[in-house]
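In the text below, chain A, chain B and the rest are named by the order of the sequence lines, each starting its count at 1.
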Number of protein chains: 2
Amino acid sequence: MAKMVSERADLLPAMAEVFREHGFEGASIALISEKTGLGKGSLYHFFPGGKEEMAGAVLGEIGAWFTTHVFAPLQWDTDAAAAIDRMFRAVIEYFDSGRRVCLVGAFALATSRDRFAKQVRSYFRMWKEALATALVRLGRDKPAAELMAEEVLAVIQGSLVLARALDDRTVFARSMSRVKRVLLGHQR
Amino acid sequence: MAKMVSERADLLPAMAEVFREHGFEGASIALISEKTGLGKGSLYHFFPGGKEEMAGAVLGEIGAWFTTHVFAPLQWDTDAAAAIDRMFRAVIEYFDSGRRVCLVGAFALATSRDRFAKQVRSYFRMWKEALATALVRLGRDKPAAELMAEEVLAVIQGSLVLARALDDRTVFARSMSRVKRVLLGHQR
DNA sequence: GTCTATAAAGCGATAGAC
DNA sequence: GTCTATCGCTTTATAGAC
């Protein structure tokens, strides 16, 4: 077995999965080491700040992914309806139809909220603003668009909670198509 | 300072608060001991099963509270509109207008879900069924009522996530009044 | 029923060889 | 850059005095 040389970015997906499944406190360095296949020493080499830096980096990557694939299209695409449609596709795929938890939402509920408050708030604020912008472009007035955006985010997060609680992935798919229908005005 | 003699039930509210604020893994016995004002020895006297039994008892009490104050009225009250109205009052007060997290929802997202899957599922199933029953009594047909109930629960849970993430308690109040208006058909 | 003392295990983090 | 060994601390849980 050859010794592998890693890059920081390569570790993030596996680390993200551990944090998603076990939460910040539940994700032990031993477990992260096991799931990334890297010894503790190597982990601390890449993340001298320890577990907190690891979780911060994971949140950062999640934020970047959503910025590229969801927020930016919503904000700037001239075809707002198409951007919203793509948002739902991306969300359904990302959260694996409700089988996968939203790490940012989970962190928001837990103790970790305090540690990562800035990143957590920024994630939801950007999403809300981007979606509201798309809705304005679709003809809604600003205040109504912001209320709608807020409700959509709440339904997404709540459906993830409910899907997991009821152990029923149909919940998430159902909620997403319902909300999409409301947003796009029964077009499809 | 006189030595106090406690009852198991008296400890549950303080323990619930610790679990809410720190999650299952974050709630250490030392912290629970501090917040209940009881030594570790006493805690293990009441809960020989340790932390898992403590969390289970807390979930049990939460379930009982909601059964009495929310589920039963929804299920059996002949005035369904009044029962729904009271549900929202109870929920807003219980979750302290969004400042307080839903422990059951938080457990659903975290590792603890697996341990307490039965209690978590039961809580949401009972709530959904009770609310759907009230909606049927209000004139909706069964399938529509169940969909609405599902969405209401999702909005409640999601609003709690969002309120905490954005650190904005107006989110929760706003969502609740919006959802209530939809359910009761713009009556008030 | 309450407490303190303590055991045994796991934790995050570091040191240092390679 | 990777690993193993280890430190120091906290954890859950128990034992036993009162």
Side-chain angles (χ1 to χ4, degrees), chain A residues 1-61 103 106-107 110-116, chain B residues 1-59 103 106-107 110-116:
Chain A
M1 180 81 177
K3 188 190 281 185
M4 302 285 262
V5 174
S6 318
E7 274 189 54
R8 211 178 115 115
D10 297 334
L11 306 171
L12 294 179
M15 287 191 351
E17 213 49 38
V18 177
F19 282 119
R20 249 190 289 272
E21 284 174 11
H22 297 88
F24 183 77
E25 352 269 343
S28 71
I29 302 291
L31 193 57
I32 295 172
S33 168
E34 181 194 327
K35 296 295 179 186
T36 55
L38 228 64
K40 293 187 191 187
S42 304
L43 288 176
Y44 279 94
H45 169 71
F46 286 115
F47 304 92
K51 203 162 88 161
E52 188 154 341
E53 189 181 342
M54 298 179 201
V58 166
L59 283 179
E61 188 179 66
L103 180 63
F107 271 24
T111 330
S112 28
R113 186 202 73 144
D114 305 313
R115 275 190 231 236
F116 304 107
Chain B
M1 183 79 179
K3 189 190 281 184
M4 304 285 263
V5 174
S6 317
E7 275 190 52
R8 211 178 115 113
D10 296 336
L11 305 172
L12 295 180
M15 286 190 353
E17 213 51 35
V18 177
F19 282 118
R20 250 189 288 272
E21 286 175 10
H22 298 87
F24 182 77
E25 352 269 343
S28 71
I29 303 291
L31 193 57
I32 294 172
S33 168
E34 181 194 327
K35 296 296 181 186
T36 55
L38 227 65
K40 296 185 189 186
S42 304
L43 288 177
Y44 278 95
H45 168 72
F46 286 114
F47 304 91
K51 203 162 88 162
E52 187 154 342
E53 189 180 342
M54 298 179 203
V58 165
L59 282 180
L103 181 62
F107 272 24
T111 329
S112 27
R113 188 201 74 146
D114 306 310
R115 278 189 229 238
F116 305 108

Discussion item. From CG of Leu38(B) over to P of dT4(C), roughly how many Å is that when rounded to an integer?
Written reply: 11 Å

Practice prompt. Could you check which of dT14(C), dA13(D), dT2(C) has an atom nearest any side-chain atom of Ser42(B)?
Written response: dT2(C)

Item to complete: Rounded off to whole Å, could you give me the CG-to-P distance for the Asp10(B) and dT2(C) pair?
Response: 10 Å

Worksheet item: Closer to the 5' end of DNA chain C via nearest nucleotide, is it Met54(A) or Gly37(B)?
Response: Gly37(B)

Discussion item. Out of the candidates Val18(B), Leu12(B), Leu11(B), only one should pair with Val58(B) under the side chain to side chain contact (heavy atoms under 4.5 Å, CB included) rule; please name it.
Written reply: Leu12(B)

Worksheet item: Between dT12(D) atom P and Met15(B) atom CE, what is the distance in whole Å?
Response: 13 Å

Worksheet item: Separation of His22(A) atom NE2 from dG10(C) atom P, in whole Å?
Response: 15 Å

Response to the item:
Quick note, Phe46(A) side chain, CB onward, closest among dC11(C), dC3(C), dG1(D) is dG1(D)

Item to complete: May I have the distance from Ile32(A) (atom CD1) to dC11(C) (atom P), rounded to whole angstrom?
Response: 11 Å

Worksheet item: Which is true for Lys40(B) with a 4.0 Å heavy-atom rule: it touches a base, it touches only sugar-phosphate, or it touches nothing?
Response: base

Worksheet item: Can you tell which of dC3(D), dG1(D), dT2(C) lies closest to the side chain of His45(A)?
Response: dG1(D)

Item to complete: Round to the nearest Å and state the distance from Ile29(B) atom CD1 to dA8(C) atom P.
Response: 19 Å

Item to complete: Calculate the interatomic distance between Leu43(B) atom CG and dT2(C) atom P; express it in whole Å.
Response: 9 Å

Worksheet entry | Options dT2(C), dT12(D), dA13(C), nucleotide nearest the side-chain atoms of Lys51(A) | dA13(C)

Worksheet item: Hey, is Glu53(B) close enough to Arg8(B) for a salt bridge, meaning N to O under 4.0 Å?
Response: yes

Worksheet item: Does Lys51(B) reach the main-chain N or O of Phe24(B) with its side chain, forming a donor-acceptor pair under 3.5 Å?
Response: yes

Item to complete: State plainly whether the residues Glu52(A) and Arg115(A) are in salt-bridge range, i.e. N to O under 4.0 Å.
Response: yes

Worksheet item: Which part of the nucleic acid, if any, lies within reach of Gly50(B) when heavy atoms closer than 4.0 Å are counted: base, sugar-phosphate only, or nothing?
Response: sugar-phosphate

Fill in: Distance below 4.0 Å between Tyr44(B) side-chain N/O and dA13(D) OP1 or OP2
yes

